Asks: 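Provided herewith is a single structure, encoded as structure tokens, for subsequent inquiry.
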Amino acid sequence: MNRTAKGSQRAIIIVKALLASYVISAIMLLIIAFFMYKFDPSSAVVSVGIILTYIVSAFVGGFIIGKNAVQKRFVWGIVIGLIYFLIILIVSSILSKDVFGDIGSTLSVLLTCGLGGMLGGMLS
């Protein structure tokens with residue numbers, strides 16, 4: 001019984017961390033969209049903004065899960081970063097055939113999300 005309660009509590013914390021990550025993503029993407037509308041930046045600037053969105057969002061999720069983890073906070077941060085990436089990948093593949101362009105950019109987004117989550121877990 002106690003093990004089940006711990007598991008459900010952990011699942012709730014994971015959902016909260018992911019929800020916070022996606023709220024941060026939405027806010028940052030709205031800021032990027034506004035910036036694009038007003039200032040017409042180059043594609044390099046927009047790409048940097050999107051990469052920062054991945055890092056900050058995964059970091060926040062990793063930080064939240066790390067605050068609630070007793071051991072292996074960096075591992076839990078990586079887990080949140082990878083779940084964040086998988087959800088983005090699934091939704092993107094449903095909405096578009098060209099998910100991230102090529103395997104190289106997909107792997108870089110995977111690493112970015114994983115490392116951002118790990119950093120958040122480590123610093124929590």
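Computed over heavy atoms, backbone and side chain alike; hydrogens, waters and symmetry mates excluded. In this text, all values refer to a predicted model and were calculated from it rather than measured experimentally.
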Asks: Quick one: are Val45 and Phe39 in side-chain contact, heavy atoms under 4.5 Å?
Replies: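 Sidechains of Phe39 and Val45: no contact.
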Asks: Is the shortest side-chain heavy-atom distance between Leu110 and Thr106 below 4.5 Å?
Replies: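 Of all side-chain heavy-atom pairs linking Thr106 with Leu110, none is under 4.5 Å.
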Asks: If I take atom OG from residue Ser124 and atom CZ from residue Phe59, how far apart are they, to the nearest 0.5 angstrom?
Replies: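 The distance works out to 8.5 Å.
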Asks: Short question: side chain of Ser92, backbone of Leu89 - any donor-acceptor pair under 3.5 Å?
Replies: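 Absent.
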Asks: Please table the atom pairs, donor to acceptor, closer than 3.5 Å between any side-chain atom in residues 13-35 and protein atoms at least two apart or in another chain.
Replies:
unit_1, atom_1, unit_2, atom_2, d
Ser21, OG, Ala17, O, 3.1
Ser21, OG, Ser57, O, 2.8
Ser21, OG, Gly61, N, 3.3
Tyr22, OH, Tyr84, O, 2.7
Ser25, OG, Ser21, O, 3.1
Ser25, OG, Ser57, OG, 2.8
Ser25, OG, Tyr84, OH, 2.5

Asks: Within this structure, what is the CG-CG distance for the pair Leu111 and Leu82, rounded to the nearest 0.5 Å?
Replies: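 Going from the CG atom of Leu111 to the CG atom of Leu82 covers 9.0 Å.
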Asks: If hydrophobic clusters are built by linking Ile, Leu, Val, Met, Phe, Trp and Tyr wherever their side-chain heavy atoms come under 4.5 Å apart, do Val56 and Val109 end up in the same one?
Replies: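 No; tracing contacts between hydrophobic side chains, which count when under 4.5 Å, never links both residues.
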Asks: Among the clusters formed by ILVMFWY side chains lying less than 4.5 Å apart, do Met36 and Tyr54 turn up in the same one?
Replies: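 Linked, Met36 and Tyr54 end up in one cluster.
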Asks: If Ile, Leu, Val, Met, Phe, Trp and Tyr residues are connected whenever their side-chain heavy atoms lie under 4.5 Å apart, and connections chain through other members, are Val60 and Val75 in the same group?
Replies: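 Val60 does not cluster with Val75.
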Asks: If two hydrophobic side chains count as joined below 4.5 Å and joins carry through other members, does Ile83 share a cluster with Met118?
Replies: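 Result: yes, single cluster for both.
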Asks: Check for me, please, whether Ile78 and Leu86 land in the same ILVMFWY cluster - side-chain distances under 4.5 Å, paths through other members count.
Replies: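 As far as the 4.5 Å side-chain criterion goes, Leu86 and Ile78 are connected within one cluster.
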Asks: For Trp76 and Asn68, run side-chain contact (heavy atoms from CB on, under 4.5 Å): C-alpha distance rounded to whole Å, both residues' side-chain angles, the deciding distance at 0.1 Å, then the answer.
Replies: CA-CA 10 Å; Trp76 281 106; Asn68 292 292; over 6 Å; no
Asks: Show the nearest heavy-atom pair for residues Ala58 and Gly81, with the distance to one decimal.
Replies: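 Looks like CB-CA, 4.3 Å.
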Asks: To the nearest 0.5 Å, tell me how far Ser108 OG sits from Ile103 CD1.
Replies: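 Spacing of OG (Ser108) from CD1 (Ile103) equals 10.0 Å.
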